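Some notes on the structure that comes next.
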Amino acid sequence: MEFLLIKFVLVVIVFAVSLGIAAYSTYAERKIAAFLQDRVGPDRAGPFGLLQPLADGVKMFMKEEIIPSNADRLLFILGPCIMMMTACMTGVVIPWGHGLEINGTFYPVQITDINIGILYVFGVVSIGVYGIMIGGWASNNKYSLMGAIRASSQMISYELAMGMAVIALIMTTGTLSVREMVEQQHGIHWNVFTQPLGVILFIVCAFAECNRTPFDLPECETELVGGYHTEYSSMKLGFYLFAEYINMFISSAIIASLYFGGYNFPFIDQLGLSPNMLSIVGTLIFFGKIFFFIFFFMWIRWTIPRFRYDQLMHLGWRTMIPLGILNILGTGIYVLYKNGQLHF
Amino acid sequence: MNPSLPFFVLATLSVFSALMVVLSRKPVHSVLYLIFCFFTIGGHYLLLNAQFLFAVHIIVYAGAIMVLFLFTLMFINMNKELEPHKTNLLKGAATVAAGCLLLVMVGVTKGAESLAANSNRTDVGTVANLGKALYGQYLLPFELISILLLAAMVGAVLLGKKSVE
């Protein structure tokens with residue numbers, strides 16, 4: 001009973017934090033865009049415009065809801081639901097902190113540590129594609145369909161390269177559990193140093209999976225009006241846009257925990273703090289890393305223009321995947337060498 | 001609670017969604033029901049403690065192959081006039097053929113060991129155990145399958161090429 005209660009509280013916290021951070025990412029995006037373009041950005045709602053996400057949310061809810069008369073009603077509604085659901089599901093396997101010891105019992109700050117951890121993430125991400133495809137098809141609009149087709153082919157192409165980057169990581173860590181991966185990176189033994197190529201591949205693919213610039217072709221407004229969400233209005237549109245920000249938060253968390261040590265930080269053993277204190281500091285540092293990567297996503301968005309569609313496919317299939325295979329090969333040799341099994 | 005209740009719920013859903021795949025009017029709906037069917041079958045894997053199989057099943061079938069199916073179907077403009085009409089003879093023949101397949105499947109599973117006997121071993125489907133079995137006991141068949149897959153890929157590329165002069 002106590003177990004269930006703790007897990008329930010954790011689920012609610014992770015859910016609320018994901019939504020909160022995603023909401024404030026929209027604010028951060030506007031402020032960062034403004035900063036990079038030498039503007040002021042939103043500053044009307046509340047001090048420094050801090051209430052802007054709230055105002056946006058209210059506006060979204062108040063808009064008229066239009067379902068096109070020739071649309072497939074059920075699927076039209078299902079699309080944004082799938083998108084939002086899959087975006088919120090991935091946070092389950094991420095270890096948000098080492099854990100707290102209260103009255104002799106250890107409570108890990110993670111909802112569940114399943115032995116297929118990272119595969120679970122991939123499973124959920126691969127289901128996320130359906131949100132876009134179903135929505136785009138059900139809209140009964142050429143532009144929506146084209147956007148959906150683009151989005152899904154882009155996502156399945158880059159999922160492959162992402163999987164290959166992670167296979168190399170699994171080879172060095174020898175586990176699929178995200179928690180064990182993070183524990184192995186104690187101190188400064190971060191995976192980024194053993195997998196430099198893997199990090200680059202993973203981050204590029206994360207950009208493509210989140211449909212962020214320079215890979216935001218699905219909603220390329222110069223060619224496709226609004227892409228897969230052309231026909232959507234009101235909060236259904238809001239769900240699509242919001243899911244993108246949740247995905248960005250979760251991808252940042254996954255990048256940080258797989259390659260950048262998660263809640264570990266250098267000189268963790270020299271601080272002389274109690275384990276509980278260290279765990280709290282670790283969680284704060286983990287969120288610091290996540291915020292850095294969210295900033296990185298936005299920084300790229302306002303720096304690099306989008307690719308042309310053939311360039312995108314070319315990069316995915318002819319550069320990323322061969323590099324991924326090369327990385328697996330190199331990692332295999334490295335692992336053999338490290339275990340002393342390599343004989344010339 | 002009856003311990004086999006989850007099984008019966010899942011089984012009902014699987015059969016329902018499998019039927020809907022055949023009975024749906026729109027091909028896209030059929031594909032979506034098929035994806036749902038894969039999820040329920042994945043649920044059966046979970047009940048048998050095969051988490052890895054579950055994850056791979058979802059990633060490969062629901063996440064990749066069905067996306068391609070959906071992809072193709074979205075391009076096809078299915079009108080009533082263009083829909084291929086099957087004669088009753090063909091429908092009857094298909095039913096008989098499918099029935100024969102069912103008979104063979106039932107016959108195969110009848111002689112097999114009961115899975116329920118092993119289900120009290122909770123670690124049998126974990127990644128580590130499965131990996132040890134695949135790379136130890138079943139190394140040769142496992143590697144042979146990879147050659148089969150490679151051959152299929154090369155074949156697909158060859159077919160995909162327009163025409164070889």
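Remember, it's a predicted structure, so these values are computed and weren't measured experimentally. Here is how names work: the chains are called A, B, and so on, in the same order as the sequence lines, proteins then strands, and each is numbered from 1.
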So do B/Leu70 and A/Trp137 actually touch side chain to side chain, heavy atoms under 4.5 Å?
no
Would one find more than 12 heavy atoms of other residues, nucleotides or ligands at under 6.0 Å from atom NZ of A/Lys7?
yes
Identify which one of A/Val124, A/Val121, A/Leu119 satisfies the side chain to side chain contact (heavy atoms under 4.5 Å, CB included) criterion when paired with B/Ile59.
A/Leu119
Is it the case that more than 12 heavy atoms not belonging to B/Phe71 sit under 6.0 Å from its CZ atom?
yes
Step through the shown structure and confirm whether more than 12 heavy atoms of other residues, nucleotides or ligands are within 6.0 Å of CZ on A/Phe8.
no
With a 4.5 angstrom heavy-atom cut-off, is it the side chain or the backbone of A/Leu176 that approaches chain B, or both, or neither?
side chain
Would you mind reporting whether B/His29 and A/Asp72 have side-chain heavy atoms less than 4.5 Å apart?
yes
Find the distance between CD1 (A/Ile114) and CZ (B/Phe52) and round it off to the nearest 0.5 Å.
13.0 Å
Atom CG in B/Leu32, atom OH in A/Tyr130: separation rounded to 0.5 Å?
8.0 Å
Using the rule given for side chain to side chain contact (heavy atoms under 4.5 Å, CB included), can you reason through A/Tyr120 versus B/Ile58, listing the C-alpha separation, both sets of side-chain angles and the distance that settles it, and then say yes or no?
CA-CA 9 Å; A/Tyr120 169 84; B/Ile58 297 300; over 6 Å; no
Nearest heavy atoms of A/Ile116 and B/Gln51, plus distance in Å
CD1-O, 3.7 Å
B/Tyr33 OH: over 12 foreign heavy atoms closer than 6.0 Å:
no
Region of A/Leu75 that comes under 4.5 Å of a non-hydrogen atom in chain B:
side chain
So with a 6.0 Å cut-off around OH of B/Tyr135, is the heavy-atom count from everything else above 12?
no
Tell me, side chain or backbone of A/Ser153 under 4.5 Å from chain B's heavy atoms, or both, or neither?
both
d(A/Ile156 CD1, B/Ile65 CD1) to nearest 0.5 Å is 11.0 Å
